[in-house]
Amino acid sequence: MFDVIVKGGLVVDGTGAPAFTGDVAVKDGRIAAVGKVEGEARQVVDAAGRVVAPGFIDPHTHFDVQLLWDGAARPALEHGVTTIVPGNCSLSLAPLKAADRRRVVGMFQQIEEMPPEAFTTAFEWSWEDFAGYVAAIRKGLSINVAPLVGHSVIRLWVMGNASQERAATPDEIAAMQDLLRECLDAGAVGLSTSFVDVDENGRPVPSRFAQFEELDALCAVLGEYGRMLQCVPEFYATDITIARIDQLAELSLKHNIPTTFSPLFDTAAVPDNAPRAIARVEEHFARGARVWPQMQTRPIDISFSLLRPSLFFARLPRWVRILRQPLDERLAALRDPETADKMVADLGPDGGEQMMGRLVVRGGDAAPSELVGKTLSEIAAARGEVPARALINLSLEHGLDVAFLSASQGHQLTDRIGPMLAHPLVHIGASDGGAHLASFATYGDTGYLFSEFVRKGRYLSLEKAVAKVTSETADIWGLKDRGRLAEGLAADIVVFDADNIDRGAELPSFDMPGDGMRYVRAARGVDTVLVNGEVAYSSGAYTQSRSGVICA
Amino acid sequence: MPLTRQRRFVTPGPDETVEELALRALPGEPLEAAVDRIKSWNLHIFAMRKPAGLLLGSDVVFVEPPVG
């Protein structure tokens, strides 16, 4: 007697092999048979007319805090994602001393745009070490978690305030090595570092103060375990990205470890950026190094209102400073004519036409309905104002609750990105799941892969696209138990409609702690998701299953 | 397979100043000229960063202009 049989579907087994009609049987959380399965099961999932594939693996997320109150990492799981990698970009929630919590929360708020309530109202901090964090999330998981440990928090644990001031001493580096070993023993699948991020005070995060020798020493430890180094490079400058690729290749070869960097964007402003980076990666792979560039599928769309800080204003320090003030002070600043004049002046002589003119009023908030869908340029012209002034005044007139959309800021050219996603050395990832909550939805990138690049653009076959986000990802990360529909492997399975799988519309949702807002996208075309053999999502609803594990 | 030539760079030593780095990276050049060159080739450190010129241990510091 099997536990589950997924019956009569189009089996896409994750290896890239041609699809075939068949069944997948599950017993004790494992795949027991694939093909024409005879026998009974306690539960039968009718997959006729549907694809049956391994669960998708998302290698770049920031669900670290959400997992403490939501073990499904909603809505990631309903998109067919059965394994996530949190702890990217040098930030994780462990190891972290109690005295340093506020500092790291500030980094998460600044870098990943998470509301403070997410860290203060939804759970109790019960851990300091990595094993304690793993224990805190493990009990409620319905999705699998393969966590990275952050270089910045390791450095902070060992060096305290000096972690953001100076190079480490040999003794401190040795202590970091020991701490990294402890984290790897407790379930970490690798180390993440950052070369670009700053904290809430604009100070570079601790990992950026590390000499290359420190990173090299930590990678020696990764080499003992054969584990991953992830980094976020200076993706805005091609020469620096290539220098980082060279450093990663050196570390990969020296310590025999896989490395990955994310994100790699395609941008019309620098059209040779991604092609040059990929060409450099090809050279290093030919030498035996493993440097996997992660590329996201979705275009860069950013939404914002003046109710909260947004990365849209990242290059406008005065705006960032004002929008990070408490609401009363922020309103006072925006209402102050002298301050507003300076903010408008920051945009240059065109008053923000180039940067803000194409913004569109989203709607669904306090925005007047007649303005929804109009560009800020149109609205400003009607008001007799420049765009930056119109943005400030329109927001003030409606309690700041007017959301604007900056669509397709980059990475939106399907005919350029499709071939790159299909490239054998490009790792599909970089979703940033669980981060940038009020700027864009970080969910549904796999649905978009199938709708835009398989069905519409035909840059990848169905089988190849599935392999990219299952077996290839599992192999890159050394997740030996997952990524394929094969006898004996963990039964992570997604059943979806190949003709309809997609990401839904981007909508605001007030489901964060403290009624905090985030943008989400619901799944389309995903029928059933099994995690370790249990149905975790079916027919549009999450089940009570808690079968997710910490996986290595 | 040999690597194609890319723009050369160094990383700063512990507590190394831009003057010390310039002397190390561009030996034989007058100090002022060497510093000016380093700064002009590394706007990500000397123009875009706040505070400008804060050298970090992890920095990529180019020691030549972009490769044509």
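Order of the sequence lines fixes the chain letters, A, B, ..., with proteins taken first and strands second; residue numbering starts at 1 for each chain. Values reported hereafter were calculated over all heavy atoms of this structure, with side chains retained and with hydrogens, waters and symmetry mates removed. Keep in mind the model is a prediction, meaning the values are calculated, not measured.
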Chain A contact via B:Pro51 - side chain, backbone, both or neither, heavy atoms under 4.5 Å: neither
Spacing of CD1 belonging to A:Ile278 relative to CE belonging to A:Met420, to within rounding of 0.5 Å: 5.5 Å
Flag side-chain contact, heavy atom, 4.5 Å: A:Ser310 against A:Leu323: no
Heavy-atom side-chain contact between A:Asn88 and A:His62 under 4.5 Å: yes
Test applied, side-chain contact (heavy atoms from CB on, under 4.5 Å); reference residue, A:Pro309; option that passes from A:Arg324, A:Gln109, A:Gln325, A:Glu113: A:Arg324
Contacting region of A:Ala243 [heavy-atom separation from chain B under 4.5 Å]: both
Approximate separation, where rounding is to 0.5 Å, of A:Ile111 CD1 and A:Leu311 CG: 12.0 Å
Selection from A:Leu215, A:Ile242, A:Val198 maximising heavy-atom pairs under 4.5 Å formed with chain B: A:Ile242
Partner chain B: residue of A:Gly202, A:Pro204, A:Ala168, A:Ala286 with the largest heavy-atom pair count (under 4.5 Å): A:Pro204
Contact summary for A:Pro95 and A:Cys183, nearest pair of heavy atoms: CD-SG, 3.7 Å
Backbone N/O of A:Gly150 and side chain of A:Ser92: donor-acceptor pair under 3.5 Å: yes
Under 4.5 Å from any heavy atom of chain A - which part of B:Leu54: side chain
What donor-acceptor contacts under 3.5 Å connect chain A and chain B, backbone and side chains included?
unit_1: A:Arg208; atom_1: O; unit_2: B:Ser58; atom_2: N; d: 3.3
unit_1: A:Arg208; atom_1: O; unit_2: B:Ser58; atom_2: OG; d: 2.8
unit_1: A:Ala210; atom_1: O; unit_2: B:Ser58; atom_2: N; d: 3.1
unit_1: A:Gln211; atom_1: NE2; unit_2: B:Pro12; atom_2: O; d: 2.6
unit_1: A:Asp239; atom_1: OD2; unit_2: B:Arg7; atom_2: NH1; d: 3.0
unit_1: A:Arg244; atom_1: NH1; unit_2: B:Ser58; atom_2: O; d: 2.9
unit_1: A:Arg244; atom_1: NH2; unit_2: B:Ser58; atom_2: O; d: 2.8
unit_1: A:Arg276; atom_1: NH2; unit_2: B:Gln6; atom_2: OE1; d: 3.2
unit_1: A:Arg280; atom_1: NH1; unit_2: B:Thr4; atom_2: O; d: 2.8
unit_1: A:Arg280; atom_1: NH1; unit_2: B:Thr4; atom_2: OG1; d: 3.2
unit_1: A:Glu283; atom_1: OE1; unit_2: B:Thr4; atom_2: N; d: 2.9
unit_1: A:Glu283; atom_1: OE1; unit_2: B:Thr4; atom_2: OG1; d: 3.2
unit_1: A:Glu283; atom_1: OE2; unit_2: B:Thr4; atom_2: OG1; d: 2.7

Rounded distance [0.5 Å steps], CZ in A:Phe195 versus CZ in A:Phe235: 13.5 Å
